[in-house]
Amino acid sequence: MTSDGLVDITILGAGPTGLAAAYYAGHRDATVRIVESLEQLGGQVAATYPEKHVYDVAGHPKIQGQALVDLCAEQGLQYGAEVILGEEAKTLDRVSQNGEELLSLTTDKGGPYLSRALIVTAGHGAFEPRKLGVEDIDAWEGKGLHYFVRQKDVFKGKACVIVGGGDSALDWTLGLQDTARSPIALVHRRDKFRALESSVNEARELESEGRVRIMTPCEVRDVHGDGSIAGVSIENTKTGEVEEVDCEALITLLGFHSHLGAIADWGIELEGKRQLKVDPTSMETNLPRVYAAGDVAGYPGKITLITIGMGEAAIAANNAIANIRGEKIQPKYSTD
Ligand SMILES: Cc1cc2nc3c(=O)[nH]c(=O)nc-3n(C[C@H](O)[C@H](O)[C@H](O)COP(=O)(O)OP(=O)(O)OC[C@H]3O[C@@H](n4cnc5c(N)ncnc54)[C@H](O)[C@@H]3O)c2cc1C
């Protein structure tokens, strides 16, 4: 990095694709900065399924999500990329410096971050969990309200109420059986769950053993406690009955809002509503030296998988470097 903070490549988003792009850029001796809106690396994998196993990433027959992204980070950051966490990208401009046209990125908290090229690896956009419709719910954040299960140990011996009807809610009702206090309450506003039938059946079996309490069609109406959550009021929306349930950990797994946000206003042509259109042979968008890879990059026939994002990261990084240096695109093997 130069004294004015100029790097060759800014990577926007630190999911598996962004970390792979950092590796491929660093391997070609490019200077790199990664900007990520969450306070952690690992994108969707770390945020939504850190303790689940992934079976389809090349070279890893079976690996836990968090372990996979830890390895991606070790590999991607080995050349010393600068990592900026907790900042959401807002504006992208072109500025001229010493006769060179540079990209200038600002975030909600900082910048301008200057670079010669940008690789957008923003997945589905900056994440925000869907929240319960309970007044002042945000006030319980850090006091027993959880939007993710990152480490099971946090829930050890605790009275847990899980809210949601999808796979995450069912997976964690089953996945916390060896950790949380029994029974785990599972609250869903409909009688029918969206989750895999086999998971729902397993939860019903556990219910017959007293290890799960399925509460449907129910909604959390109130949260109470002194400093931290101690209980919740749950209404059965069919009967109108309200029950007070012990709760030390309220885990709401209602999915995420994610939207491209400001990125959609940078003049990049879109593919559908949620992806940036790229030329898949270079991963360049319609804006010169602005590339995209991973879930955020779109072209006909695109498949959104970790492996695909990693391959696209290699294409984007190598093309960005060739473009910056005015060289022909060619691979460089990593073997030594
Ligand atoms: C439950 C589940 C299970 C899955 N299982 C598999 C599987 O088994 N195999 C598989 O291959 N794939 C699986 N996937 C899909 C896989 O997780 C994604 O394809 C992969 O995470 C995409 O990686 P990415 O780096 O492109 O994007 P992401 O992982 O989404 O990372 C993008 C990052 O960019 C950040 N970001 C976005 N906008 C901004 C902004 N404006 N400013 C700063 N930062 C920003 C986000 O916060 C995020 O951290 C699964 C997905 C889910 C939800």
Side-chain angles (χ1 to χ4, degrees), residues 10-23 33-66 68-69 72-73 76 83-92 105-111 113 118-129 148-149 164 166-172 175 194-196 199 253 255-266 268 274-276 278 283 291-298 302-314 316-317:
T10 297
I11 295 171
L12 179 51
T17 308
L19 294 168
Y23 170 79
R33 170 186 297 117
I34 303 178
V35 178
E36 164 59 53
S37 62
L38 291 178
E39 292 287 352
Q40 62 176 28
L41 302 170
Q44 285 171 59
V45 185
T48 64
Y49 55 101
E51 305 228 5
K52 282 193 176 181
H53 289 104
V54 179
Y55 298 85
D56 63 341
V57 174
H60 299 287
K62 177 181 178 182
I63 185 164
Q64 257 188 340
Q66 189 59 52
L68 175 67
V69 288
C72 292
V83 179
I84 296 171
L85 295 178
E87 296 195 20
E88 186 179 331
K90 290 293 179 195
T91 65
L92 179 68
L105 181 85
T106 65
T107 68
D108 54 347
K109 301 202 184 93
Y113 299 117
L118 172 71
I119 305 179
V120 183
T121 53
H124 301 170
F127 278 120
E128 223 193 280
F148 305 98
V149 178
D167 283 320
S168 299
L170 266 293
D171 285 355
W172 285 120
R194 295 185 314 280
L196 266 183
S199 307
L253 300 172
F256 292 89
H257 296 284
S258 54
H259 54 100
L260 280 179
I263 299 172
D265 301 328
W266 293 350
I268 303 176
R274 304 172 66 93
Q275 288 180 315
L276 307 179
V278 293
M283 304 311 290
Y291 298 79
D295 282 12
V296 78
K302 168 70 183 247
I303 299 171
T304 50
L305 284 175
I306 295 166
T307 306
I308 306 286
M310 289 174 169
E312 291 173 352

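For ligands, and for the atoms within them, numbers begin at 1 and follow the listed sequence. Excluded from the calculations below are hydrogen atoms, water molecules and symmetry mates; all remaining heavy atoms, backbone and side chain alike, are included.
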Close N or O approach ([X], ligand 1; < 3.5 Å):
{"X": "Thr48", "answer": "no"}
{"X": "Ala126", "answer": "yes"}
{"X": "Glu88", "answer": "no"}
{"X": "Asp295", "answer": "yes"}
{"X": "Glu36", "answer": "yes"}
{"X": "Ala89", "answer": "yes"}

Q.
Less than 3.5 Å apart, any donor N or O on the side chain of Thr107 or Glu87 sitting next to an acceptor on the other?
A.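 Looking only at side-chain atoms, Glu87 and Thr107 do form a donor-acceptor pair, the distance falling under 3.5 Å.
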Q) Would you say the side-chain atoms of Asp295 and Gln275 include a donor-acceptor pair closer than 3.5 Å? A)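 There is no such pair (donor and acceptor under 3.5 Å, judged by atom type) between the side chains of Asp295 and Gln275.
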Q: For atom 29 (O) of ligand 1, state which one of Lys90, Gln44, Glu312, Met310 supplies the nearest heavy atom.
A: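 Among Lys90, Gln44, Glu312, Met310, the closest heavy atom to atom 29 (O) of ligand 1 belongs to Gln44.
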Q: Would you mind finding which of Asp56, Val57, Val69 brings a heavy atom closest to atom 7 (C) of ligand 1?
A: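 That would be Asp56.
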Could you check [atom] against the protein and tell me its nearest heavy-atom contact, residue, atom and distance included?
{"atom": "atom 10 (C) of ligand 1", "answer": "Leu305 CD2, 3.5 Å"}
{"atom": "atom 16 (C) of ligand 1", "answer": "Tyr49 OH, 3.4 Å"}
{"atom": "atom 45 (C) of ligand 1", "answer": "Ser37 OG, 3.7 Å"}
{"atom": "atom 34 (O) of ligand 1", "answer": "Gly13 CA, 3.2 Å"}

Between the side chain of [X] and the main-chain N/O of [Y], is any donor-acceptor distance below 3.5 Å?
{"X": "Glu36", "Y": "Ala14", "value": "yes"}
{"X": "Ser199", "Y": "Asp171", "value": "no"}
{"X": "Asp108", "Y": "Glu88", "value": "yes"}
{"X": "Trp266", "Y": "Lys90", "value": "yes"}
{"X": "Lys302", "Y": "Ala297", "value": "yes"}
{"X": "Thr48", "Y": "Gln44", "value": "yes"}

(Q) Quick check on Pro16 - does any of its heavy atoms sit under 4.0 Å from an atom of ligand 1? (A)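 Per 4.0 Å heavy-atom rule, Pro16 contacts ligand 1.
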Q. Quick one: does Gly125 get within less than 4.0 Å of ligand 1, heavy atoms only?
A.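 Judged by the 4.0 Å heavy-atom criterion, Gly125 does count as contacting ligand 1.
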Q | Region of Leu12 that comes within reach of ligand 1 [heavy atoms, distance under 4.0 Å] | A |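 Contact part for Leu12 vs ligand 1: side chain (C-beta onward).
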As an exercise, identify every atom of ligand 1 less than 4.0 angstrom from a heavy atom of [X].
{"X": "Glu87", "answer": "42 (N), 43 (C)"}
{"X": "Gly43", "answer": "29 (O), 31 (O), 48 (C), 49 (O)"}
{"X": "Thr121", "answer": "32 (C), 33 (C), 34 (O)"}
{"X": "Thr17", "answer": "23 (O), 24 (P), 25 (O), 26 (O)"}
{"X": "Ile306", "answer": "10 (C), 11 (O), 12 (N), 16 (C), 19 (O)"}
{"X": "Thr304", "answer": "19 (O)"}
{"X": "Gly294", "answer": "26 (O)"}
{"X": "Gly123", "answer": "27 (O), 28 (P), 30 (O), 32 (C)"}

Q) Can you check side-chain contact (heavy atoms from CB on, under 4.5 Å) on Val35 and Thr10, steps first, answer last? A) CA-CA 7 Å; Val35 178; Thr10 297; 4.2 Å; yes
Q: Supply the atom-to-atom distance Ile308 CD1 to Ile303 CD1, rounded to the nearest 0.5 angstrom.
A: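 One finds 5.0 Å between CD1 of Ile308 and CD1 of Ile303.
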Q) Which distance, rounded to the nearest 0.5 Å, do you find between the CD1 of Ile63 and the OH of Tyr55? A)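 Rounded to the nearest 0.5 Å, the CD1-OH separation comes to 12.0 Å.
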Q: Could you please spell out the steps behind the side-chain contact (heavy atoms from CB on, under 4.5 Å) verdict for Leu196 and Leu170?
A: CA-CA 8 Å; Leu196 266 183; Leu170 266 293; over 6 Å; no
Q: Run the numbers on Leu92 and Leu118 for side-chain contact (heavy atoms from CB on, under 4.5 Å), then give the verdict.
A: CA-CA 10 Å; Leu92 179 68; Leu118 172 71; 3.8 Å; yes
Q | Test log, rule side-chain contact (heavy atoms from CB on, under 4.5 Å), inputs Lys52 and Gln66 | A | CA-CA 8 Å; Lys52 282 193 176 181; Gln66 189 59 52; over 6 Å; no
